[in-house]
Amino acid sequence: MIKIQKEDFNIEVEIELIKSSLPSVGAVTSFIGYVRDFNNNKNVNSINLEVYEKMVHKELTKITVKAKQKWELIDCLIIHRHGYLEVNEKIVLVACFAKHRQESFNACNYIMNYLKKYAPFWKKENYTNNSEWLENTN
Amino acid sequence: MIKIQKEDFNIEVEIELIKSSLPSVGAVTSFIGYVRDFNNNKNVNSINLEVYEKMVHKELTKITVKAKQKWELIDCLIIHRHGYLEVNEKIVLVACFAKHRQESFNACNYIMNYLKKYAPFWKKENYTNNSEWLENTN
Amino acid sequence: MLIKYFAWIKNITSCDQENLDSKKLKTIDDLKIHLNTKYPDLKKHIDKDTLRFAINQEYLSENKKIYKNDEIAIFPPVSGG
Amino acid sequence: MLIKYFAWIKNITSCDQENLDSKKLKTIDDLKIHLNTKYPDLKKHIDKDTLRFAINQEYLSENKKIYKNDEIAIFPPVSGG
């Protein structure tokens, strides 16, 4: 499942929603990305995350299909926020549901790598007196 | 932080408890292990997890210290349950807090590998008419 | 055709999207030449090949024909996650 | 010294812990010989070297001296997580 939203999400609720109907799942690896207080030697107060809404679902669907071909995934969940986010707020959740541990780890790592490269989001960091668009540093 | 307990836990609450005071953390990788409905060609109803309480804290502390030496971890959280657990219940949570993604992934994977090898827990699987102690299959 | 701009490219174009006349623009390369002229500040980025192009929400890796109803997006390397 | 048993080993020993007289048991190898006699069903596991030993909650990789106040744990390979 792919969700692109402005609102925060609850990790427990989101994972349980999928997991509760998948009793064969023994392993869930998840990654959560947050807004950090410091980046490129500057104090960050908040970020604005721009998204190309029409493209992002296509792109993330491609990535999850590839991940499912490569690793034995039973399901996967991606939630990515956009808009205005303050320090400590969640940006992204990727959760990979598998029978076994290593499959879920590998799939989650794989999806995050591709998401960082191809998902059409752009971060603008807001400092005390100005703001700046980021280049992806991976 | 290491918690050994019988009770269930809430992933969102447990992660937020640590994350909220660490604004430099940009990445949290977590692994959740669950009781599966099927293992070794048998339908599993529930498990009993035995623990060597006096040893488990020592052993998990060692593992987290090693992980922190090896990877740039800001913090890490391990929650492991014991006692009677039914299918779909959580067994373990390992969450690794780092500035950057790859450090948190590697540390989480590393801790899980060592936990599976050294943490003194033993699973007894309960089937419809009998039960059986598991050998670790990793 | 509809051209969409994202992130700091909008600062150069002063708009987030615009319709261009598709009669003279037959390929992505035609479009690049057109934009270089229209937005001189964009030229160095297009020349350095640092920007990403997508036609109808699909990444583009080489020059390609473009059509009247296409949606073409131009953006810097992504930085989500 | 206190000997603790875990998982299916308790089924063989019929107890989860017991105190053994430390006078004759000076090393882990002495203890293994003693247990092989006391619990014949344990012998094959001890001989096959599949069991884990811990002295005072620390894993053991070789034979070692043991003392009166030690807590010695004997258990099968772990299976948590």
Side-chain angles (χ1 to χ4, degrees), chain A residues 8-16 18-39 43-47 74 86-113 115-116 123 137-138, chain B residues 8-16 18-39 43-47 74 86-113 115-116 123 137-138:
Chain A
D8 193 17
F9 51 84
N10 181 304
I11 310 166
E12 171 75 26
V13 170
E14 298 289 348
I15 288 180
E16 198 54 28
I18 294 174
K19 166 59 193 157
S20 58
S21 58
L22 298 173
S24 66
V25 164
V28 176
T29 301
S30 64
F31 176 83
I32 314 149
Y34 294 87
V35 183
R36 286 164 59 210
D37 63 352
F38 196 76
N39 196 26
N43 289 308
V44 178
N45 296 325
S46 61
I47 65 168
I74 295 174
E86 298 191 339
V87 167
N88 259 343
E89 283 200 76
K90 301 181 203 102
I91 300 169
V92 64
L93 170 71
V94 171
C96 290
F97 300 74
K99 273 192 194 171
H100 301 294
R101 184 166 95 259
Q102 209 52 57
E103 298 288 319
S104 75
F105 259 113
N106 292 344
C108 192
N109 204 349
Y110 178 92
I111 289 175
M112 276 309 301
N113 286 342
L115 185 153
K116 285 288 222 181
K123 281 190 191 120
T137 54
N138 259 313
Chain B
D8 193 17
F9 51 86
N10 181 303
I11 310 166
E12 171 75 25
V13 170
E14 298 289 347
I15 288 181
E16 199 53 27
I18 293 175
K19 166 59 191 157
S20 58
S21 58
L22 298 173
S24 66
V25 164
V28 175
T29 301
S30 66
F31 177 83
I32 313 147
Y34 294 88
V35 182
R36 287 164 59 208
D37 62 354
F38 196 76
N39 196 27
N43 289 309
V44 177
N45 296 325
S46 61
I47 66 168
I74 295 175
E86 298 191 338
V87 167
N88 259 344
E89 283 199 77
K90 300 181 205 101
I91 300 170
V92 64
L93 169 70
V94 171
C96 290
F97 300 73
K99 275 193 191 170
H100 301 294
R101 182 167 95 260
Q102 209 52 57
E103 298 288 317
S104 75
F105 260 112
N106 292 344
C108 192
N109 204 349
Y110 177 92
I111 289 175
M112 276 309 302
N113 286 341
L115 186 153
K116 285 287 222 183
K123 282 189 189 119
T137 55
N138 260 312

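Letters A, B, ... mirror the listed sequences (proteins, then strands); counts begin at 1.
- If you check the side chains of N109(A) and R101(B), you find no donor sitting under 3.5 Å from an acceptor.
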Pair up each side-chain donor or acceptor in residues 28-36 of chain A with any protein partner under 3.5 Å, not counting sequence neighbours, and list the distances.
residue, atom, partner, partner atom, Å
T29(A), OG1, S104(A), OG, 2.6
T29(A), OG1, F105(A), N, 3.3
S30(A), OG, S30(B), OG, 2.7
R36(A), NH2, F38(A), O, 3.1

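- By the side chain to side chain donor-acceptor pair (under 3.5 Å) test, K90(B) is found to be paired with E12(A), D8(B), residues two or more places apart in sequence or in another chain being considered.
- Heavy atoms of L22(A) lying under 4.5 Å from chain B belong exclusively to its backbone.
- Heavy-atom distances place both the backbone and the side chain of C108(A) under 4.5 Å from chain B.
- Per-residue heavy-atom pair counts under 4.5 Å with chain B were compared for D37(A), V13(A), I11(A), and the maximum is reached by D37(A).
- Residue contact with chain B, scored on non-hydrogen atoms closer than 4.5 Å, involves the side chain of Q102(A) exclusively.
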task = Kindly determine whether V25(B) and I18(B) satisfy side chain to side chain contact (heavy atoms under 4.5 Å, CB included), including the steps that lead there.
result = CA-CA 10 Å; V25(B) 164; I18(B) 293 175; over 6 Å; no
